[in-house]
2 protein chains.
Amino acid sequence: MRLDFWYEFASTYSYPAAMRIEGLAQARGISLRWRPFLLGPIFVEQGWRNSPFNIFPQKGAYMWRDMARITAALGLEFRKPDPFPQNSLLAARTVLAIPEALRPAFSRAVYVAAFGQGLPIAERDILAQLLEKLGLHASTILEKALSEPVKARLKAENEEAKRLGIFGAPTFLTEDGEMFWGNDRLEAAINWERGAI
Amino acid sequence: MRLDFWYEFASTYSYPAAMRIEGLAQARGISLRWRPFLLGPIFVEQGWRNSPFNIFPQKGAYMWRDMARITAALGLEFRKPDPFPQNSLLAARTVLAIPEALRPAFSRAVYVAAFGQGLPIAERDILAQLLEKLGLHASTILEKALSEPVKARLKAENEEAKRLGIFGAPTFLTEDGEMFWGNDRLEAAINWERGAI
């Protein structure tokens, strides 16, 4: 079985999902596809030019508290980045520029930097450090991340997310087209069985 | 310990929460306060004059599928009411017009009617049938539901919900002011321990 994991580096709830998903999927023999994308263009179509957590301050205040509780329960570090949301464009492109086998580890490293340590993941230097720690040649990868094929690839992924009706992150999509949205639906996505209801 | 359960009869996810909460609370020795309120005025302040599930169709389509899965897993009947959302004003007032001990049972009956059977709970006759089934004198209760003191009481509850920063339903509020939003946070609310994080 296969599960598509659609995630956005500016999305708070994608952080705990990214930290949990690989172990859960492996235990059930599910093969994962890590698919970074950008929520910005999708939010713009909903009339939002900022994170809904900034547009609706009470929802935002609640989310930060909820994230603090969730990460504490998981034993994950948690720090609100400033500014929020961070620009996630370069990080998403970078994922698509590295070998597929390293994408999960790099993606988790970006989340830990962004929401565990509150580091500015929009900055090239921060991403370079994360790449080097994984044994990758940062400047080569970052150059590739800014190449036309990689830019086009991310655009195509964003178009695909839109086409699939994805409206938030994290989103989990099963092989038979069942959609689950939110870190709190990860277990349901993992346990989904074709034709269950 | 005490938990306030803020719910709205037009809110889909309040249905499974209402069906589950009493057993969970009782098992932990938590005393519940059932507090019906209206989300409409709060949504209007966010610029929404309709359910966000209608305003954002992709989110709406997802929610109906998610509700089908959740209710199937709980063994609850599920039927989308038409129109959605239903006007929940009279139902909320009616809760405040019946003896406190019967509010949970009546509230669950309203949810089963609304989302289990798709019945028009905005209609006086439907509410009257539910009241009679609980052994209450429907016309007396419904008259009281339309009295000034009950109207004022519901308005005061709505003001209190706003003051507390409630932005959606169901919302669970602990005695020490910890907020949990959504059916999927019910267990976290029940298990909350003061000063836990």
Side-chain angles (χ1 to χ4, degrees), chain A residues 6 13 39 42-48 52-78 161-169 171-174 176-189 191-193 195-197, chain B residues 6 13 39 42-48 52-78 161-169 171-174 176-189 191-193 195-197:
Chain A
W6 291 87
Y13 288 108
L39 268 176
I42 289 169
F43 283 171
V44 164
E45 288 194 353
Q46 295 181 16
W48 300 338
F53 296 123
N54 291 338
I55 297 172
F56 309 111
Q58 290 178 323
K59 204 170 209 165
Y62 171 78
M63 178 277 289
W64 292 113
R65 180 65 184 159
D66 195 41
M67 277 294 297
R69 290 189 306 236
I70 288 168
T71 50
L74 294 170
L76 294 172
E77 283 190 281
F78 179 58
K162 247 185 249 182
R163 197 190 61 77
L164 292 165
I166 290 175
F167 56 87
T171 290
F172 315 103
L173 261 171
T174 68
D176 56 336
E178 195 72 18
M179 183 189 288
F180 296 87
W181 170 51
N183 172 60
D184 42 30
R185 294 294 186 280
L186 174 54
E187 284 78 3
N191 292 322
W192 176 252
E193 290 182 29
I197 68 163
Chain B
W6 291 87
Y13 288 109
L39 268 177
I42 289 168
F43 283 171
V44 164
E45 289 194 353
Q46 294 180 18
W48 301 338
F53 295 124
N54 291 337
I55 297 173
F56 308 110
Q58 290 178 323
K59 203 171 209 165
Y62 172 78
M63 179 276 289
W64 292 112
R65 181 66 185 158
D66 195 40
M67 276 294 297
R69 291 189 305 235
I70 288 169
T71 50
L74 293 169
L76 295 171
E77 281 189 283
F78 179 59
K162 247 184 247 182
R163 195 191 62 76
L164 291 165
I166 290 175
F167 55 88
T171 290
F172 316 103
L173 259 171
T174 68
D176 57 335
E178 196 72 18
M179 182 189 288
F180 295 88
W181 170 52
N183 172 60
D184 44 28
R185 295 293 187 281
L186 175 52
E187 284 77 3
N191 292 322
W192 175 251
E193 289 182 27
I197 67 163

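Because only heavy atoms are used, hydrogens play no part in the values below, and waters and symmetry mates are left out as well, while side chains stay in. Keep in mind that what you see is a predicted model, and the values were worked out from it rather than measured. Naming: A, B, ... by sequence-line order, numbering from 1 per chain.
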Worksheet item: Taking the six-membered ring of B/Phe180, is the NZ or CZ of A/Arg65 close enough (under 6.0 Å from the centre) and on axis enough (within 45°)?
Response: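 Not satisfied by the 6.0 Å and 45° rule.
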
How long is the straight-line distance from [atom2] of [Y] back to [atom1] of [X], given to the nearest 0.5 Å?
| X | Y | atom1 | atom2 | result |
| --- | --- | --- | --- | --- |
| A/Phe56 | B/Trp48 | CZ | CH2 | 4.5 Å |
| B/Tyr62 | A/Thr171 | OH | OG1 | 7.5 Å |
| A/Asp66 | B/Glu178 | CG | CD | 9.0 Å |
| B/Arg69 | A/Met179 | CZ | CE | 9.5 Å |
| B/Gln58 | A/Lys162 | CD | NZ | 10.0 Å |

Worksheet item: With only heavy atoms counted, which part of A/Ile55 is less than 4.5 Å from chain B, the side chain, the backbone, both or neither?
Response: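 Looking at A/Ile55, nothing touches chain B.
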
Worksheet entry | Part of A/Ile42 within contact of chain B (heavy atom distance under 4.5 Å) |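 It is neither, since no heavy atom gets under 4.5 Å.
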
Item to complete: Go through the atoms of B/Ala68 and report whether side chain, backbone, both or neither lie under 4.5 Å from a heavy atom of chain A.
Response: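 Contact with chain A is through both the backbone and side chain of B/Ala68.
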
